Amino acid sequence: MDGQGRGGIPPGALAGLKVIDMASLYAAPLAATIMADFGADVLKIEPPEGDLFRDSKMWPVVARGKRCLALDLRSEKGIERLKALVAQADVLVENYPAAVLAKRGLGWDVLSAINPRLVMLSLSCFGGTGPYADRPGSGTIGEGFGGLTALMGTSDGPPMLPSVALGDAVGAMSAVIGTLSALYWRDRNGRGQQVDASLYEPILQIVAHAGQRWEPGRSPERCGSRLPGVLRNVYRTADGRYVAISASTARHAADLVALAGGEGDDQDARVAAWIATVPQAVLMEQLVARRIPVTPVNSIDDMLADPHVNARGSLVHVADDALGDLALAAPAPRLSETPGRIGEVNPPLGTDADAALERWTQG
């Protein structure tokens, strides 16, 4: 190759990687989307009637940059066509119950025999082993089971869920790490492997910080936006806007308290009272000048108008004829030589499995 992809765009870091996405819902398809963003050739398998997200604004999140193919995996013909594709694939992404895959002859033992170099990403809420392996679940269930929900909310209120599908997104990113690790091992040893990814275990990586406050029989309690021992909170400014501050070092905390008027019994309350007298823009200027970590609490509209977000292209406004206005996060992290990019946001549903197999066979 000449180092250039279509339209003079450099090929992505994962160019040439053949991925089958036969998953549904959010987390597992998002893992395949991340690989597509970085250049993988991802073939999304849909039921004949189309994916359940196809007519929603979730569709670009779970399908962008992919080619889509209708296969009936409840039929013998559809299963055999999938196996033919698996024989040519590098990665298979799935989130089916293990019993369903075994019944259809699509378990790891069968597919790895067809293609010993295959990396099979199996993503579920509770993982593929243990007494809860067969339980259904989503990122929300992973958040609750993994201890995050218990820590969210105020001390005098109930546990809370985040307003976004946090568990699904974090689970997808963790699953991609596992998949790329398996591919690296395969390229040195010649054999694929199954990646057993769960949605609750990545949550444990988030909750691990609270483990610093744990003692046997005394789990950490909810503390709102605060963290014990750290001057950190969300504060309302004089013009009715909000900032988030994390003065996590002694120097940061001392400077912030000095700006607020000096020491007191409740430093957080003193800081909050001072910030309530200062407009957001003025406060930002003062704290940035002191190199105290601070940010406006941004909405999506705020970020679309922000000069830093625009300079980096971090959030992209896309208008699709069928799906309407979309705000899509650009691929991250950034690679200096092979940056990721957002592919077609509304790929059509194809029906020619033979053509898809021929394309892959020809490389």
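Bear in mind the structure is a predicted one, so any value in this text is a computation, not a measurement.
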J.: Drop me the distance from Ser112's OG to Arg191's CZ, to the nearest 0.5 angstrom.
T.: 11.5 Å
J.: Is Asp37 reaching over with its side chain to a backbone N or O of Gly340, donor-acceptor style, under 3.5 angstrom?
T.: no
J.: For Asp156, does its backbone N or O pair with a side-chain atom of Arg222 as donor and acceptor, under 3.5 Å?
T.: no
J.: Would Glu80 and Lys77 satisfy salt bridge (Lys or Arg N to Asp or Glu O under 4.0 Å), going step by step from the backbone distance to the final call?
T.: CA-CA 5 Å; Glu80 290 307 311; Lys77 181 179 179 181; over 6 Å; no
J.: Check for me, please, whether Val243 and Val257 land in the same ILVMFWY cluster - side-chain distances under 4.5 Å, paths through other members count.
T.: yes
J.: Is the backbone N or O of Leu17 less than 3.5 Å from a side-chain atom of Asp90, with the two atoms forming a donor-acceptor pair by type?
T.: no
J.: Could you give the distance from CD (Gln286) to CD1 (Ile275), rounded to the nearest 0.5 Å?
T.: 10.0 Å
J.: Indicate yes or no for a side-chain donor-acceptor contact from His252 to the backbone of Arg290 under 3.5 Å, with no hydrogens or angles considered.
T.: no
J.: Which ILVMFWY residues are connected to Leu199, directly or by a chain of links, through side-chain heavy atoms under 4.5 Å apart?
T.: Leu123
J.: Is it the case that the side chain of Arg334 and the backbone of Arg312 share a donor-acceptor pair, with hydrogens and angles ignored and the cut-off at 3.5 Å?
T.: yes
J.: Are any of the side-chain heavy atoms of Phe38 and Thr338 separated by less than 4.5 Å?
T.: no
J.: Should Val288 and Val271 be regarded as members of a common hydrophobic cluster, given that ILVMFWY residues are connected when their side-chain heavy atoms come within less than 4.5 Å of each other, either directly or indirectly?
T.: yes
J.: Is any side-chain heavy atom of Pro296 closer than 4.5 Å to a side-chain heavy atom of Asp302?
T.: no
J.: Check whether Asp306 reaches the backbone of His308 with its side chain - one donor and one acceptor, N or O, closer than 3.5 Å.
T.: yes
J.: Please set out all donor-acceptor pairs under 3.5 angstrom arising from side-chain atoms of residues 19-30, sequence neighbours excluded.
T.:
from  : atom 1 : to    : atom 2 : distance (Å)
Asp21 : OD1    : Ala23 : N      : 3.0
Asp21 : OD2    : Lys44 : NZ     : 3.3
Asp21 : OD2    : Lys66 : NZ     : 2.7

J.: For salt bridge (Lys or Arg N to Asp or Glu O under 4.0 Å), just list the numbers for Lys57 and Asp320, CA-CA rounded to whole Å, side-chain angles, deciding distance to a tenth of an Å, and then say yes or no.
T.: CA-CA 10 Å; Lys57 288 194 173 184; Asp320 182 81; over 6 Å; no
J.: Drop me the distance from Thr179's OG1 to Arg186's CZ, to the nearest 0.5 angstrom.
T.: 11.5 Å
J.: Could you check if a side-chain atom of Tyr235 sits within less than 4.5 angstrom of a side-chain atom of Leu283, using non-hydrogen atoms only?
T.: no
J.: In the structure I gave you, are the side-chain heavy atoms of Ser174 and Glu201 within less than 4.5 Å of one another anywhere?
T.: no
J.: Quick check: do Leu101 and Val110 have side-chain heavy atoms less than 4.5 Å from each other?
T.: no
J.: Over all heavy atoms of both residues, which pair between Ser198 and Cys125 is shortest? Give the atoms and the distance, please.
T.: CB-O, 3.4 Å
J.: Assess the side chains of Ser122 and Gln194: does a donor N or O sit below 3.5 Å from an acceptor N or O?
T.: yes
J.: I'd like to know whether Trp274 forms a side-chain contact (heavy atoms from CB on, under 4.5 Å) with Leu256, so could you lay out the CA-CA distance, the side-chain angles of the two residues, the decisive distance to 0.1 Å, and finally the verdict.
T.: CA-CA 10 Å; Trp274 169 64; Leu256 182 59; 4.2 Å; yes
J.: I'd like to know if the side chain of Asp72 and the backbone of Gly78 have a donor-acceptor N/O pair within less than 3.5 Å.
T.: no
J.: Say whether Asp239 and Thr237, considering side chains only, have a donor N or O and an acceptor N or O under 3.5 Å apart.
T.: yes
J.: Is the shortest side-chain heavy-atom distance between Arg67 and Arg359 below 4.5 Å?
T.: yes
J.: Please round to the nearest 0.5 Å and tell me the distance separating atom CG of Leu82 and atom CG of Leu92.
T.: 6.5 Å
J.: Evaluate the salt bridge (Lys or Arg N to Asp or Glu O under 4.0 Å) criterion for residues Arg251 and Asp255: first the C-alpha distance (whole Å), next the side-chain angles of each, then the deciding distance (0.1 Å), finally the verdict.
T.: CA-CA 6 Å; Arg251 198 276 296 172; Asp255 282 1; 2.9 Å; yes
J.: First locate atom CD1 of Ile141, then atom OG of Ser124, and finally report the distance between them rounded to the nearest 0.5 Å.
T.: 13.0 Å
J.: Surrounding CG of Asp134 (heavy atoms of other residues, nucleotides or ligands, distance under 6.0 Å), is the total greater than 12?
T.: no
J.: Can you name the closest pair of heavy atoms from Arg74 and Pro48 and give their distance?
T.: NH2-CD, 4.1 Å
J.: Determine the minimum heavy-atom distance between Thr149 and Met160, stating which atoms define it.
T.: CG2-O, 3.3 Å
J.: Please tell me if the side chains of Ile342 and Pro331 come closer than 4.5 Å, counting only heavy atoms from C-beta onward.
T.: yes
J.: Using 30° and 60° as the class limits, which term best fits the ring planes of Tyr132 and Phe145: parallel, tilted or perpendicular?
T.: perpendicular
J.: Between Ala330 and Gly313, which heavy-atom pair has the shortest distance, and what is it?
T.: CB-O, 3.1 Å
J.: Mind listing the closest non-hydrogen atom pair of Leu323 and Ser56 along with its distance?
T.: CD2-O, 3.6 Å
J.: Do Val195 and Trp185 belong together in a cluster built from hydrophobic side chains that touch within less than 4.5 Å?
T.: no
J.: Can you see which heavy atom on Ala238 is nearest to which on Pro279, and at what distance?
T.: CB-N, 3.7 Å
J.: Which pairs, with at least one residue in residues 98-108 and sequence neighbours excluded, count as a side chain to side chain donor-acceptor pair (under 3.5 Å)?
T.: none
J.: Can you tell if the side chain of Leu106 reaches within under 4.5 Å of the side chain of Leu111, non-hydrogen atoms only?
T.: yes
J.: Is there a path of hydrophobic side-chain contacts, each under 4.5 Å between heavy atoms of I, L, V, M, F, W or Y residues, that connects Val164 with Leu151?
T.: yes
J.: Using atom types as modelled and distance alone, determine if a side-chain donor or acceptor of Arg236 lies under 3.5 Å from a backbone N or O of Ala276.
T.: no
J.: Taking Thr33 for its side chain and Val61 for its backbone only, find out whether a donor-acceptor pair lies under 3.5 Å.
T.: yes
J.: Hydrophobic clustering (ILVMFWY, side-chain heavy atoms < 4.5 Å, transitive) - are Leu328 and Leu304 grouped together?
T.: no
J.: Can you measure from SG (Cys223) to CZ (Arg232) and round to the nearest 0.5 angstrom?
T.: 7.5 Å
